[in-house]
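Excluded from the calculations below are hydrogen atoms, water molecules and symmetry mates; all remaining heavy atoms, backbone and side chain alike, are included.
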Amino acid sequence: MSTAILTGQPVPGSPLEGDLRSLGFDVRTARDAADAETLVRTVPADQRVAVVDTRFVGHVHALRLGLTDPRFAAAAVPGAVTVKPEARGALTRALRTAVGAGGAGAVTVAPDAVPDRLAEALGAADVDVYRPELGTLVAAVPADPEARNTARQAVAAVDDEAVRLRGAVKARDGFFTTYCISPYSRYLARWCARRGLTPNQVTTASLLVALIAAGCAATGTRGGFVAAGLLLLFSFVLDCTDGQLARYSLQYSTLGAWLDATFDRAKEYAYYAGLALGAARGGDDVWALALGAMILQTCRHVVDFSFNEANHDATANTSPTAALSDKLDSRGWTVWARRMIVLPIGERWALIAVLTALTTPRVTFVVLLIGCGLAACYTTAGRVLRSLTRRAKRTDRAATALADLADTGPFAGALATLRGLPGLAPALAFAGGAAVVATSALTSFGSPWPVIAAAGYVITSGLAVARPLKGALDWLVPPFLRAAEYGTVLVLAAKADVNGALPAAFGLVAAVAYHHYDTVYRIRGVVAPPRWLVRVIGGHEGRTFAVTVAAALLTTTDFTVALTALAVAVALVVLAESIRFWVTAHNSGAPAVHDEGEPA
């Protein structure tokens, strides 16, 4: 329960108290600012507190946006201010000082409005006060009856619920999602909200539907493929609905953001596995294509994550390429063309669903690999051009994030203490990775040469991260390392040419990819994974070296068993630590987050 404290003279006939109760507030009335301070002190320390002017006139959704968003320690709209427990002390001090001073920072329409002066005082005390964009919604504190009547007419002229539904849709999304899913999924989100369903429950339902779709694909029958395609599309509808439900009802949480992002990857890659199993039932082995699709998609994401982290807070961040991109984004048709060409999750899943229903798993994977490959070339080339043409000074925070994304283990970590070579980090990462993948592909299974190449890879990857990753193209280091590790596993499993090797490799890459995705979400939300976890699972170079040694020393059958054992071990360690961390972060009140970034 949250508490709202009304200040000022009561207004006969005002629906304000009922509106606040509908938002979950226990409403109390203060005679003056001193009484408000006393009431604030009586509210339990773990509760949210809002101070609202009794003369407030506005939409209920304006109050909802200003007073109930869990992502911010303090927030305000005209006539109302709220703080979470961590900012309660600042609110109490503001009540003592700013209000007592009589008018500092007050709004012109209502110079004695206590909440507005409190919001100004909180900002002056270096408390970040979130002020939501209200658009056509009304939030006002009329100073006289005439202004009050005008404000009421403005409220009546705008459909509060229509604005709320529009706001539930992600501001920036793909063409397919915007025009084929969101027009009706927003109503499904409202239906869920009115029945008390949470975003996490919808996220879980989306995962279950996708897993059922994967099971249908695994049957290998035409009917199973058609059902799989339809269920995958329905899973995507639910995937859109959970975010819209979160925005509609402002149910943001750290755990929810992690579940949403993690389950998206789990759904897609489980579906790949289902398609591969279904193809195998029909006598077609496409596990290499399935694993290749997963590797390509994961590396695409790592490119996105690394580039964004490298430039998150870069200074003097200017580039002619970026200026051209912004210009293209200002024109309607180019905006949608650019969003579609990168094959975001909506377009990608629609493509997979249609191809699954109408063609074969092999055709599905071949088209997917071509489409994602072209999209990867387009986005990576554009980001390389931006990086080469911009003059930006990257921060220590960016360098730390890239180092965490590199996933350096104990072997390369020991070499990282060396001086390193300035400006050559991407070249070293690429050369070492390309060498181990190429050597594994060009030599026979059981050859010692991949082991030698992997030893060289340990050295080059250690030298690549020996210096802080602040160079123009240093954000390419993590993607190169991911491609090297995943590619080596794929090539050696394919060279083994024995039943079970590629599925085992698929499981290993899936477990490692989960760890890498989890690293990204931890960096975004709270803190990077602990070093002990990276050391226990070997780091990228340790796992790569171990796989090459297993291929050199074991028979093809034993190599398959080794890949399976490594996959299970990595999955158990990573999942246990990840679940422990996110549940603990959620229970300890970690800041609620909600990703509104690029479509995945």
Side-chain angles (χ1 to χ4, degrees), residues 1-43 47-69 74-84 87-88 90-92 94-123 129-132 134 137-158 160:
M1 176 67 75
S2 302
T3 299
I5 298 172
L6 298 178
T7 63
Q9 294 297 321
V11 176
S14 172
L16 179 59
E17 186 171 340
D19 291 343
L20 290 170
R21 293 189 190 281
S22 72
L23 296 177
F25 285 94
D26 176 27
V27 181
R28 304 179 187 180
T29 302
R31 295 184 301 274
D32 50 33
D35 191 27
E37 180 185 351
T38 301
L39 289 176
V40 167
R41 291 181 177 278
T42 64
V43 176
Q47 287 189 12
R48 174 192 291 270
V49 174
V51 180
V52 185
D53 196 295
T54 55
R55 295 166 298 173
F56 176 89
V57 174
H59 290 99
V60 176
H61 193 48
L63 285 173
R64 181 182 290 106
L65 292 172
L67 302 183
T68 67
D69 197 320
V77 293
V81 63
T82 184
V83 296
K84 292 174 65 178
R88 287 275 297 273
L91 178 66
T92 301
L95 279 166
R96 291 177 182 172
T97 57
V99 176
V107 294
T108 56
V109 295
D112 57 342
V114 172
D116 294 307
R117 282 184 277 161
L118 286 176
E120 294 294 337
L122 288 170
V129 180
Y130 170 67
R131 298 179 185 273
L134 298 179
L137 294 174
V138 177
V141 183
D144 55 63
E146 182 179 355
R148 185 173 187 83
N149 184 57
T150 300
R152 284 176 170 172
Q153 292 176 359
V155 170
V158 176
D160 177 273

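- Pairing each heavy atom of Val77 with each of Ala62, the nearest pair is CG1-O, 3.9 Å.
- Within the 4.5 Å cutoff, side-chain heavy atoms of Leu63 are placed close to those of Leu20.
- Pro115 places a side-chain heavy atom less than 4.5 Å from the side chain of Thr7.
- With contacts defined as side-chain heavy-atom distances shorter than 4.5 Å, the pair Arg148/Ser14 qualifies.
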*asked:* The test is side chain to side chain contact (heavy atoms under 4.5 Å, CB included); show your working for Leu134 and Leu65 and say whether it passes.
replied: CA-CA 8 Å; Leu134 298 179; Leu65 292 172; 4.2 Å; yes
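- Taking each heavy atom of Val57 and Ala151 in turn, the nearest pair found is CG1-CB, 3.7 Å.
- Rounding to the nearest 0.5 Å gives a distance of 6.0 Å between CG of Leu91 and CG of Leu118.
- Not counting sequence neighbours, the partners of Glu17 by the side-chain contact (heavy atoms from CB on, under 4.5 Å) test are Arg21, Val27.
- Heavy atoms only, all atoms of each residue included: Ala30 and Asp35 are closest at CA-OD2, 3.2 Å.
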Without placing hydrogens or testing angles, list every side-chain donor-acceptor pair under 3.5 Å for residues 36-43, not counting sequence neighbours.
residue : atom : partner : partner atom : Å
Glu37   : OE2  : Arg96   : NE           : 3.2
Thr38   : OG1  : Ala34   : O            : 3.2
Thr42   : OG1  : Arg28   : NH1          : 3.0
Thr42   : OG1  : Leu39   : O            : 2.6

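- Between atom CZ of residue Arg117 and atom CG of residue Leu122 there is a gap of 13.5 Å, rounded to the nearest 0.5 Å.
- With His59 contributing its side chain and Ala139 its backbone, the two residues share no donor-acceptor pair below 3.5 Å.
- A distance-only check finds no donor-acceptor pair linking the side chain of Thr54 to the backbone of Leu6 [under 3.5 Å].
- In this structure, the side chain of Thr82 engages the main chain of Val49 through a donor-acceptor pair within 3.5 Å.
- Among all heavy-atom pairs drawn from Val83 and Ala74, the shortest one is CG1-CB, 4.0 Å.
- Between Asp69 and Pro132, the closest side-chain pair of non-hydrogen atoms is not below 4.5 Å.
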*asked:* Leu137 vs Asp160, test: side chain to side chain contact (heavy atoms under 4.5 Å, CB included). Steps then yes/no.
replied: CA-CA 7 Å; Leu137 294 174; Asp160 177 273; 4.1 Å; yes
*Is there a side chain to side chain contact (heavy atoms under 4.5 Å, CB included) between Leu67 and Phe25 once you walk through the steps?*
CA-CA 10 Å; Leu67 302 183; Phe25 285 94; 3.8 Å; yes
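- Looking at heavy atoms from C-beta onward, Asp26 lies out of side-chain contact with Gln47 at the 4.5 angstrom threshold.
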